[in-house]
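In what follows, every heavy atom counts, from backbone to side chain, and hydrogens, waters and symmetry copies are set aside. The model shown is predicted, which means the values in this text are computed figures rather than measured ones.
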Amino acid sequence: MAHLLNAESVTVVHGSRTLLDAVSLGLDDGDRIGVVGRNGEGKSTLLRVLARQQEPDGGRVTMGRDVRLGALWQEDRLDPEMTVRQAVMGTLEAHEWAGDARVRDVLGGLLGGLEAPLVGGLDAKFGRLSGGQRRRVGLAALLIGEHDLVMLDEPTNHLDVEGVAWLARHLNQRWPAGRGGLLVVTHDRWFLDAVCGRIWEVHDGVVDSYDGGYAAYTLTRAERARVAAVTEERRQNTLRKELAWLQRGAPARTSKPRFRIDAAESLIADEPPPRDQMNLAKMATARLGKDVIDLEDVTVTVGSGDEAKTLLEHVTWRLGPGDRIGIVGVNGSGKTTLMRMMLGGPDAPVPASGKVKRGKTVQAVILSQDVRELDAVADQKVQEAVEKVRGTVRIGNKDVTAGQLLERLGFTKDKIWTRVGDLSGGERRRLQLLRLLMGEPNVLLLDEPTNDLDTDTLAAIEDTLDEWPGTLIVVSHDRYLLERLCDRQVALLGDRQIRDLPGGVEEYLTLRARQEETASSTASTVVAPKETSAADARAARKEMARLERQIAKLGSREEKLHAQMAEKATDHTAVAKLDAELRQITAEKEALEEEWLEAAETAG
């Protein structure tokens with residue numbers, strides 16, 4: 001098994017904090033490693049150091065000879081003036097990549113969702129795409145390349161349920177057992193289970209290794225915690241005995257038993273800080289009657305005129321008290337519109353027909369994707385922002401202050417007095433969720449709640465919501481969260497209806513695959529297939545050769561025109577004339593490439 005990468009005693013210091021403390025690890029052919037840890041513990045830093053994008057403050061990183069490394073980072077690193085075609089395919093011509101099954105798979109899996117009116121297809125400028133679309137283009141560009149070792153920093157961000165399932169399948173097929181290496185930072189726990197065979201947990205300056213995916217990691221970590229608890233109980237018993245002995249009187253303070261004093265001080269100094277403090281008990285909610293939210297024969301249309309689009313048509317759907325429903329669906333099917341309509345209020349979408357009925361006691365709130373609600377308190381301290389909603393809340397039989405709740409939600413005493421505007425994305429999301437719960441709502445809507453949250457925080461929030469007694473509606477691409485929090489799932493498949501999914505997310509993926517197959521078969525039956533004779537195939541191959549020569553000539557002409565335009569950059573008249581000629585040649589070249597593709601189909 002080839003050795004791909006090795007790190008020896010790597011140390012990284014950020015300000016006064018040590019993110020990595022003399023960390024040593026290695027990565028071999030066939031390794032599929034997921035990197036987890038709390039936000040800010042150094043996961044992305046570890047990736048940058050291993051990719052030699054960042055120099056460590058101590059230690060060294062070595063890579064095997066001729067190892068080809070590819071990486072996807074959270075920030076965009078492609079030229080915004082590039083077209084999508086240039087960013088993904090580089091200098092490859094259409095007749096070069098169209099016949100590559102792997103390239104076609106990547107384009108279909110990642111770029112099929114780009115909306116033509118906004119994007120303009122493969123000829124759109126990269127800089128004009130949305131953040132999610134840019135992310136998909138960057139991932140596609142990476143996966144089309146040839147790499148021995150791939151590093152991915154949050155690759156599932158901005159991918160829907162289908163996209164995540166496709167990426168897991170593609171990675172498993174692309175690098176079968178024993179070939180290539182994969183290192184991925186992600187909070188998507190289903191993806192970790194589907195792809196990874198080992199987990200690295202980054203915490204407190206160290207990297208702990210666990211065999212298996214996320215489920216195995218969780219079980220092993222729980223067992224390690226149990227063993228540590230037993231060890232800690234024994235240590236505490238020893239500590240109590242030592243302290244009791246020290247307090248027995250003057251003999252304890254003589255120099256003779258100094259070794260016992262040193263032993264006690266050593267035990268006290270070794271006291272580890274608690275790591276998992278988030279254990280929010282059941283919070284009160286306003287009483288919820290039998291009627292919650294009912295959609296009765298609702299039709300919803302967005303846009304107007306030729307751009308009008310019907311998202312829901314004659315839909316009847318009822319939500320009851322205590323329902324816990326996950327919503328999945330294709331982009332543009334109306335998930336967020338449905339959430340806003342259920343929330344109500346002056347900005348809620350109004351149905352074109354039908355009506356939305358809300359129970360008299362319903363108090364609904366939404367955790368939005370961008371948590372803009374916090375902009376109004378950006379200059380306040382974290383604790384002040386919570387106390388503005390309510391100073392205390394009843395949990396069980398006692399009142400708990402905002403500060404105590406914040407500490408349970410993972411906000412340290414230092415963070416409690418930080419400006420809201422200075423918080424990270426994950427911290428803002430946690431804070432806003434707490435503010436919402438402090439208001440004691442009885443209907444909670446979560447729109448993509450997993451963004452910017454680490455796996456430990458997600459597990460803690462799930463724990464919190466397990467005991468929350470109201471009606472819960474979740475829109476998310478996080479399959480693990482949907483199946484963990486919700487009792488049932490529904491789908492918006494783009495057919496203007498809401499469909500129940502007794503089989504959960506797996507059933508949704510099956511339905512979507514069936515939709516794609518139906519669409520493909522319908523398109524293929526528009527032109528009846530015909531048998532290709534050997535003579536026709538030979539003629540098509542000759543035609544392909546002729547077209548390739550013409551395409552090459554036009555490519556040479558393109559290069560000359562670019563050079564002439566660079567020489568005459570200050571002569572606007574000449575540049576305009578050359579540009580017109582260049583556009584004409586580009587159009588001819590694209591037409592020839594289309595002809596080449598048609599000939600290639602005939603040639604087989």
Sub-4.5 Å side-chain heavy-atom contact between L192 and I199: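 L192 vs I199: side chains touch.
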Salt bridge (charged side-chain N to carboxylate O under 4.0 Å, His left out) contacts in which one or both residues fall within residues 190-200, not counting sequence neighbours: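 Listed once each, the pairs are D31-R198.
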Within residues 317-341 or reaching into it, pairs that qualify as salt bridge (charged side-chain N to carboxylate O under 4.0 Å, His left out) - sequence neighbours excluded: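 Listed once each, the pairs are D294-R318, E296-R318.
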Separation between [atom1] of [X] and [atom2] of [Y], rounded to the nearest 0.5 Å:
X: L482; Y: L446; atom1: CG; atom2: CG; value: 10.5 Å
X: L5; Y: L183; atom1: CG; atom2: CG; value: 8.5 Å
X: R435; Y: R428; atom1: CZ; atom2: CZ; value: 10.5 Å
X: E448; Y: M339; atom1: CD; atom2: CE; value: 9.0 Å
X: L129; Y: R136; atom1: CG; atom2: CZ; value: 11.5 Å

I33/L27 under side-chain contact (heavy atoms from CB on, under 4.5 Å): CA gap, chis, key distance, verdict: CA-CA 9 Å; I33 299 173; L27 205 148; 4.0 Å; yes
Donor-acceptor check, side chain of [X] to backbone of [Y], threshold 3.5 angstrom: yes or no?
X: T220; Y: D211; result: no
X: E41; Y: D204; result: yes
X: K388; Y: Q380; result: no
X: D447; Y: Q369; result: no
X: T11; Y: A22; result: yes
X: E407; Y: T412; result: no
X: K381; Y: R419; result: no
X: N442; Y: G470; result: no

Where at least one partner belongs to residues 182-201, residue pairs that pass ring pair (Phe, Tyr, Trp, His ring centres under 6.0 Å), sequence neighbours excluded: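 The answer is none; no pair qualifies.
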More than 12 heavy atoms from other groups under 6.0 Å of CZ on R372: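 Not more than 12 within 6.0 Å, no.
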Other residues, nucleotides, ligands: >12 heavy atoms within 6.0 Å of E55 CD: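 Not buried by this count: 12 neighbours or fewer within 6.0 Å.
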Testing the basics here: between [X] and [Y], what is the closest heavy-atom pair and its distance to 0.1 Å?
X: A165; Y: L509; value: CB-CD1, 3.9 Å
X: L433; Y: L367; value: N-CD1, 4.0 Å
X: V298; Y: P351; value: CG1-CB, 3.9 Å

Give a yes-or-no answer on whether the side chains of [X] and [Y] include a donor-acceptor pair shorter than 3.5 Å.
X: D153; Y: Q74; result: yes
X: T18; Y: D21; result: no
X: T45; Y: Q54; result: no

Working for side-chain contact (heavy atoms from CB on, under 4.5 Å), residues L295 and M341: CA-CA 9 Å; L295 276 60; M341 190 167 61; 3.8 Å; yes
Sequence-distant partners of Y214, ring-ring contact (aromatic ring centres under 6.0 Å, His included), two or more places apart: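 In terms of ring-ring contact (aromatic ring centres under 6.0 Å, His included), with neighbours along the sequence ignored, Y214 is linked to Y217, Y480.
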For W317, all residues meeting ring-ring contact (aromatic ring centres under 6.0 Å, His included), sequence neighbours excluded: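 Per chain and number, W317 pairs via ring-ring contact (aromatic ring centres under 6.0 Å, His included) with no residue.
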Which residues share a side chain to side chain contact (heavy atoms under 4.5 Å, CB included) with Q404, sequence neighbours left out: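 In terms of side chain to side chain contact (heavy atoms under 4.5 Å, CB included), with neighbours along the sequence ignored, Q404 is linked to V400, T401.
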